[in-house]
Protein chains: 2
Amino acid sequence: MKVLSRAQIEARLDPLAAMAAVCAGFIAYSRRQVQLMPTQNFQFPAIGGECCVKSAHVHDSPYFVVKVSTGFYTNPARGLPSNNGLSLVMSALTGEPVALLQDEGWLTSIRTAIAGRLGAALLAPARVNAIGIIGAGTQARLQLEHLQGVTDCRQVHVWAREQAEIDDFIAAMAPRGFAITGHRDPEPVVRLSNLVVTATPSRRPIVMAPWVQAGTHITAVGADAVGKQELDPQLLAAASLVVVDSRAQCAAYGEVAHAVRTGLLQKRQLRELGALLARRRRTPRSDDAITVLDLTGLAVQDAQIASCILGR
Amino acid sequence: MKVLSRAQIEARLDPLAAMAAVCAGFIAYSRRQVQLMPTQNFQFPAIGGECCVKSAHVHDSPYFVVKVSTGFYTNPARGLPSNNGLSLVMSALTGEPVALLQDEGWLTSIRTAIAGRLGAALLAPARVNAIGIIGAGTQARLQLEHLQGVTDCRQVHVWAREQAEIDDFIAAMAPRGFAITGHRDPEPVVRLSNLVVTATPSRRPIVMAPWVQAGTHITAVGADAVGKQELDPQLLAAASLVVVDSRAQCAAYGEVAHAVRTGLLQKRQLRELGALLARRRRTPRSDDAITVLDLTGLAVQDAQIASCILGR
């Protein structure tokens, strides 16, 4: 059994190959060519911790993958990163363990950012006047970084709860060519931007429907477990197109779950990202459309990026 | 992260500590002191393969465990063992990986045999005249080995489909002091024994109700996934006590699932092993009672035995 460290994994990742693999994974999923297991979700409320176990096998792949990712949000106070994790790659031919990828959660971050990029490439308005980022953590930064391949816009508004988080975000991302304005109130971030990404572990809506201008696309990345929520459910009701990574998963515990449960949105209105990606062209949108992409994170993304690290 | 090989794990296992830990796990589970995740179950029908991912956290334990076990039943033709697997031990305090136990499925076999032993110690008739073993593989052998601590009886009847399997079983187990008779028909094995263990991957009933004499206890180990079955459902209807490792899991896909689905058995009639073990004494049984224990395998067993390997 091969054991790869985070450094070895980072050195092996080919960004274009990873993007192609994750894209193919979404398409295979929406074509029902994936054994995708129900997510196992541990909660450790006393310590602000959680863990997801996501497992998948893409038909005809020689591998299947069991991915464990953790978020322990009191870790930083003890000098540890919040996120951690690893992937087990198993042989789909013999059941033998093939590799342990000790990526410390890095592959989960990357495959999530890739999903945001793939979605924005399909759904972003033709002319982005400003990018709004809700949240300032690792995933918020990766999402912005990955949007560089989708739009030429470098005007960014960012919101975070603490000024220090905003300052750190700007210090990290401004050198990459972004002109960034920090805000302690999410409203102007949303009002001033027509491509918005939310990437927080929030359990209450942060983005309210009346703030969203016509012609905006919003990618919501944070809600990946029961109880998490970043968007006002009215926003989902108002959207002309709601795209999800998985209809089943998002209706159960994604951002859209709140709107589906209360009847603001019907499950049959949800379109799957894999079905749109299969068309291989930008999704048509009118100038005043509001579109939302809800990403809960699919095990097939983990399976595809892990297989990509192992190579042929 | 500690990585332990199978040899290191075998050397570290203290059988009594493991039995106590698995026992405590069943009790904690039945007291609802365990986060036990729904099993993820892959099927690879083209190649006769399957994989279970079982994960659990016992309240107040510093660890939670994700266990992957595989059964690829065409492996032996290629010179590989059918079963494989490993356990990931994670910190419930920080989410960091703590250890990888590369036990190749051995811990799963052991914790299953321990469950059989714990159940037989509670439920076996006071006087065992012969032990019947249905199946002759690794688990069948481990079950018999573990019954040595429960009964003085050394008379054994064994059934397997192939004579070579029976011969191998006898060659392995006779030196341990058992007087073993092999059978190519399961009926006499059941008729001649009042403590029966079934340990096969069968998908059709092997043990028929009319063969079972009054006063018999049967432990059914094989049915651990949808579609598996070793016992005639009429046998479950006729039993005076049906014990399960998990009411939810057994009703969904255990041996009893077939009888529950067809209404021969009510879910509320099922008693949980952990609740019986909590009483710390033999379960009273009349001389003519027939009792059945259905073991589907609980993630809490995996969590407890893995924690046991790591020690304090």
Side-chain angles (χ1 to χ4, degrees), chain A residues 1 3 5 35-57 59-62 64-76 78-98 100 102-105 299, chain B residues 1 3 5 34-57 59-61 64-76 78-98 100 102-105 299:
Chain A
M1 183 182 192
V3 178
S5 69
Q35 278 196 70
L36 190 122
M37 297 295 125
T39 303
Q40 296 179 339
N41 185 253
F42 285 97
Q43 295 292 332
F44 304 96
I47 202 158
E50 59 181 343
C51 172
C52 278
V53 181
K54 296 191 172 186
S55 310
H57 176 238
H59 291 189
D60 299 329
S61 168
F64 65 98
V65 173
V66 179
K67 195 275 307 262
V68 180
S69 58
T70 59
F72 278 65
Y73 302 105
T74 52
N75 273 357
R78 282 172 289 178
L80 294 171
S82 296
N83 294 108
N84 211 315
L86 37 71
S87 287
L88 272 172
V89 182
M90 307 285 296
S91 167
L93 304 173
T94 65
E96 292 169 298
V98 174
L100 175 70
Q102 290 192 278
D103 63 283
E104 301 169 12
Chain B
M1 184 180 191
V3 179
S5 69
V34 178
Q35 279 195 70
L36 190 124
M37 298 294 126
T39 303
Q40 296 178 339
N41 186 253
F42 286 96
Q43 296 291 333
F44 304 96
I47 202 157
E50 60 181 343
C51 172
C52 278
V53 182
K54 296 192 171 185
S55 311
H57 176 238
H59 292 189
D60 299 330
S61 168
F64 65 97
V65 172
V66 179
K67 194 274 308 262
V68 180
S69 58
T70 59
F72 278 65
Y73 302 105
T74 53
N75 273 357
R78 280 172 290 178
L80 294 171
S82 296
N83 294 108
N84 211 316
L86 37 70
S87 286
L88 272 171
V89 182
M90 306 286 296
S91 167
L93 305 172
T94 65
E96 294 169 297
V98 174
L100 175 70
Q102 290 193 278
D103 64 283
E104 301 169 13

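Convention: sequence-line order gives letters A, B, ...; per-chain numbering from 1.
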Inset, instruction - Measure the CE-OG1 distance between A:Met90 and B:Thr70 for me, rounded to the nearest 0.5 Å. - result: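 One gets 5.0 Å once the value is rounded to the nearest 0.5 Å.
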Inset, instruction - With rounding to the nearest 0.5 Å, note down the distance linking CG in B:Leu88 to CG in A:Leu88. - result: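 Interatomic distance, B:Leu88 CG to A:Leu88 CG, rounded to 0.5 Å: 5.0 Å.
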Find out whether [X] and [Y] are in side-chain contact, i.e. whether some heavy atom of one side chain is under 4.5 Å from a heavy atom of the other.
X	Y	answer
A:Leu86	B:Met1	yes
B:Phe64	A:Val53	no
A:His57	B:Phe44	yes

Which atoms of [X] come close to chain A, meaning under 4.5 Å heavy atom to heavy atom: side chain ones, backbone ones, both, or neither?
X	value
B:Gln102	side chain
B:Ala56	backbone
B:Asn41	backbone
B:Thr74	neither

Inset, instruction - Measure from the side-chain N and O atoms of A:Gln35 to the backbone N and O of B:Gln43, and report whether any donor-acceptor pair falls under 3.5 Å. - result: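 It does hold such a pair.
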Inset, instruction - Provide the closest heavy-atom pair for A:Asn84 versus B:Gly95 in the form atom of the first, atom of the second, distance. - result: CB-O, 3.8 Å
Inset, instruction - Taking all heavy atoms of B:Ala92 and all of A:Phe72, pick out the closest pair and write down the distance. - result: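 Residues B:Ala92 and A:Phe72, closest heavy atoms: O-CE2, 3.4 Å.
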Inset, instruction - Counting only heavy atoms closer than 4.5 Å, note whether A:Thr39 contacts chain B via side chain, backbone, both or neither. - result: backbone
Inset, instruction - Measure A:Ser91 against the heavy atoms of chain B and call it side chain, backbone, both or neither at under 4.5 Å. - result: backbone
Inset, instruction - Specify which of A:Leu93, A:Val68, A:Val66, A:Leu80 makes the most heavy-atom pairs with chain B at under 4.5 Å. - result: A:Leu93
